[in-house]
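Working notes, beginning with the structure itself.
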Amino acid sequence: MIRYLRTFIVAAQTSSFSAAGMKLGLTQSAVSIQIRKLEEEFGAVLFERTGKSVSLSDAGQALLPDAIHMIELYDRMKGASQGSSDSRPIDLGAISTVQTALLPKALHRFRSHFPNVHINIIPGMSTQLLTQIDAKELDIAVIIKPRLGIPPDLKWILLVEEHYVVVLPAGWPQDMAQLSATLPFIRYNRNSYGGHIVDRYLKQHHLWVQDGMELDEPSVILEMVSEGLGWSIIPGGLVPLHTTRGIAVLPLPGRPLSREIGVLVRVSTLKRQTTVLLIDSLREEARRRQGIDPTAQAAAKAP
């Protein structure tokens, strides 16, 4: 809410969402989203929109003095507590694969140094978490590397490069053309960046699959395959390929496909010891897991 009020004040001063965004390091859409959320919270229209310019409504003019007073009070309180900044809570965005594969052990290491720091884990797809980073609702997120460039106020830290593999029920022919013709395809959600990669691969190789289901969590897809419900193409670096029974794993034919998973973090937060240690803990766990090559696991034991 403090961020939204600060955005509201700057937008009121500049009479422009785009100018406010430039001043705050936000996109115009991020400013619009924050103002809309404020309007929903207060149940009133705060700005009159006229073309590219905006002006305060009657409700906005009534709110502005209190908003300025609240921000000034918050800044004084924040300045007084800078000595204990490393005890502040951390809002950590993470995609589902990271939550199950990297976070438990990484946070165990982090807790040994900062046992009292509260960590709020926000789940979501990479596109959603990227929007929250852009809107300054999150300071740090573990996501798939954005396709667009990284803004100067953010830093990208690579954790792991995952190669895509074919997973199928044990005992089925290990040929993609036969699989496509005889077994339902469990599709990695096309709305996600990782699923888009799979969809593009299938089209480039003219593989017409029988869609059986579509979901966004590779680890759940793996369980579906182990139950004999179909076959799939998934990133294999962070899912438990070597311990899932009843599956076979094949390297993906053709040019290798991969995705990068890493930390997107605000440069300003790298001054905090807690942020630095959290990233180091994630990197250490990622390095430990990279000792497992998923494509070298030809098959897991069938039941």
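All residue numbers refer to positions in the sequence shown, counting from 1.
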- Query: So which heavy atom on Leu129 is nearest to which on Pro123, and how close?
  - Reply: CD2-O, 4.1 Å

- Item | Closest approach of Ser16 to Ser18 (non-hydrogen atoms, all atoms of both residues) | OG-OG, 3.0 Å

- Item | Intermediate values then yes/no, salt bridge (charged side-chain N to carboxylate O under 4.0 Å, His left out), Arg266 and Glu137 | CA-CA 11 Å; Arg266 293 205 166 276; Glu137 295 174 1; over 6 Å; no

- Can you measure from OG1 (Thr127) to CD (Gln132) and round to the nearest 0.5 angstrom? 10.0 Å

- Would you sort out whether Asp211 and Val209 count as a side-chain contact (heavy atoms from CB on, under 4.5 Å), showing the intermediate values? CA-CA 6 Å; Asp211 282 314; Val209 298; 3.9 Å; yes

- Message: So which atom in Ile71 and which in Ile9 form the shortest heavy-atom distance, rounded to 0.1 Å?
- Response: CG1-CD1, 3.6 Å

- Check whether any side-chain N or O of Ser57 sits under 3.5 Å from a backbone N or O of Val45 as a donor-acceptor pair, and report yes or no. yes

- Inter-residue atom distance Ser226.OG - Leu168.CG, 0.5 Å rounding: 12.0 Å

- Group every Ile, Leu, Val, Met, Phe, Trp and Tyr by side-chain heavy-atom contacts under 4.5 Å, then state whether Ile95 and Ile150 land in the same group. yes

- Query: Do Ile279 and Leu270 touch side chain to side chain, with heavy atoms closer than 4.5 Å?
  - Reply: yes

- Query: For the rings on Phe8 and Tyr4, is their centre-to-centre separation under 6.0 Å?
  - Reply: no

- Task: Mind checking the CD1-OG1 spacing from Ile90 to Thr274? Nearest 0.5 Å is all I need.
- Result: 4.0 Å

- Query: CG/Leu229 to CG/Leu183 distance, rounded to the nearest 0.5 angstrom?
  - Reply: 9.0 Å

- Quick one: do Lys105 and Glu285 satisfy salt bridge (charged side-chain N to carboxylate O under 4.0 Å, His left out)? Show the steps, please. CA-CA 7 Å; Lys105 290 189 180 298; Glu285 177 58 16; over 6 Å; no

- Message: Working note: Tyr188 + His196, criterion side-chain contact (heavy atoms from CB on, under 4.5 Å); need CA distance, chi angles, decisive distance, verdict.
- Response: CA-CA 8 Å; Tyr188 189 7; His196 175 72; over 6 Å; no

- Indicate the atoms forming the closest heavy-atom contact of Thr14 with Ala19, along with that distance. CB-CB, 4.0 Å

- Task: Give a yes or no answer on whether the side chain of Gln210 reaches the backbone of Ala181 with a donor-acceptor pair at less than 3.5 Å.
- Result: yes

- Distance-only polar pair, side chains of Ser55 and Glu48, donor-acceptor under 3.5 Å: no

- Task: Identify the two heavy atoms, one from Leu5 and one from Ala67, that lie closest to each other, and give their separation to 0.1 Å.
- Result: CD2-CB, 4.1 Å

- Query: Do we see a donor-acceptor contact under 3.5 Å between the side chains of Thr27 and Asp134?
  - Reply: yes

- Query: Which pair of non-hydrogen atoms, one from Ser96 and one from Asp216, has the smallest distance, and what is that distance?
  - Reply: OG-O, 4.2 Å

- Message: Between Thr100 (side chain only) and Thr97 (backbone N and O only), is there a donor and an acceptor less than 3.5 Å apart?
- Response: yes

- Note on the structure: When rounded to the nearest 0.5 Å, the distance separating CE of Met224 from CD of Glu217 is 10.0 Å

- Message: Between Leu103 and Leu92, does the side-chain contact (heavy atoms from CB on, under 4.5 Å) criterion hold? Intermediate values first, please.
- Response: CA-CA 10 Å; Leu103 281 187; Leu92 171 65; 3.7 Å; yes

- Task: Kindly indicate, with the supporting measurements, whether the criterion side-chain contact (heavy atoms from CB on, under 4.5 Å) is fulfilled by Met213 and Arg187.
- Result: CA-CA 6 Å; Met213 63 183 76; Arg187 187 182 286 273; over 6 Å; no

- Message: Do the side chains of Glu161 and Arg289 get close enough for a salt bridge, i.e. N-O under 4.0 angstrom?
- Response: no

- Item | salt bridge (charged side-chain N to carboxylate O under 4.0 Å, His left out) evaluation trace for Arg3 with Asp91 | CA-CA 14 Å; Arg3 290 191 182 116; Asp91 290 330; 5.6 Å; no

- Message: Check for me, please, whether Trp156 and Val98 land in the same ILVMFWY cluster - side-chain distances under 4.5 Å, paths through other members count.
- Response: yes

- Message: Aromatic contact between Phe17 and Phe47, with the criterion being ring centroids under 6.0 Å apart: yes or no?
- Response: yes

- Does Glu72 use its side chain to pair, donor to acceptor, with the backbone of His69 at less than 3.5 Å? no

- Message: Measuring from atom CH2 of Trp231 to atom CD of Gln174, what distance do you get when rounded to the nearest 0.5 angstrom?
- Response: 12.5 Å

- Hey, are the side chains of Phe114 and Gln273 touching, using non-hydrogen atoms and a 4.5 Å cut-off? yes

- May I ask you to say whether Arg109 pairs ionically with Asp280, meaning some side-chain N is under 4.0 Å from a carboxylate O? no

- Query: Between the main-chain N or O of Ile144 and the side-chain N or O of Ser126, is there a donor-acceptor pair closer than 3.5 Å?
  - Reply: yes

- Task: Spell out, yes or no, whether Ile197 and Val220 are grouped together once hydrophobic residues are joined by side-chain heavy atoms under 4.5 Å, including indirect joins.
- Result: yes

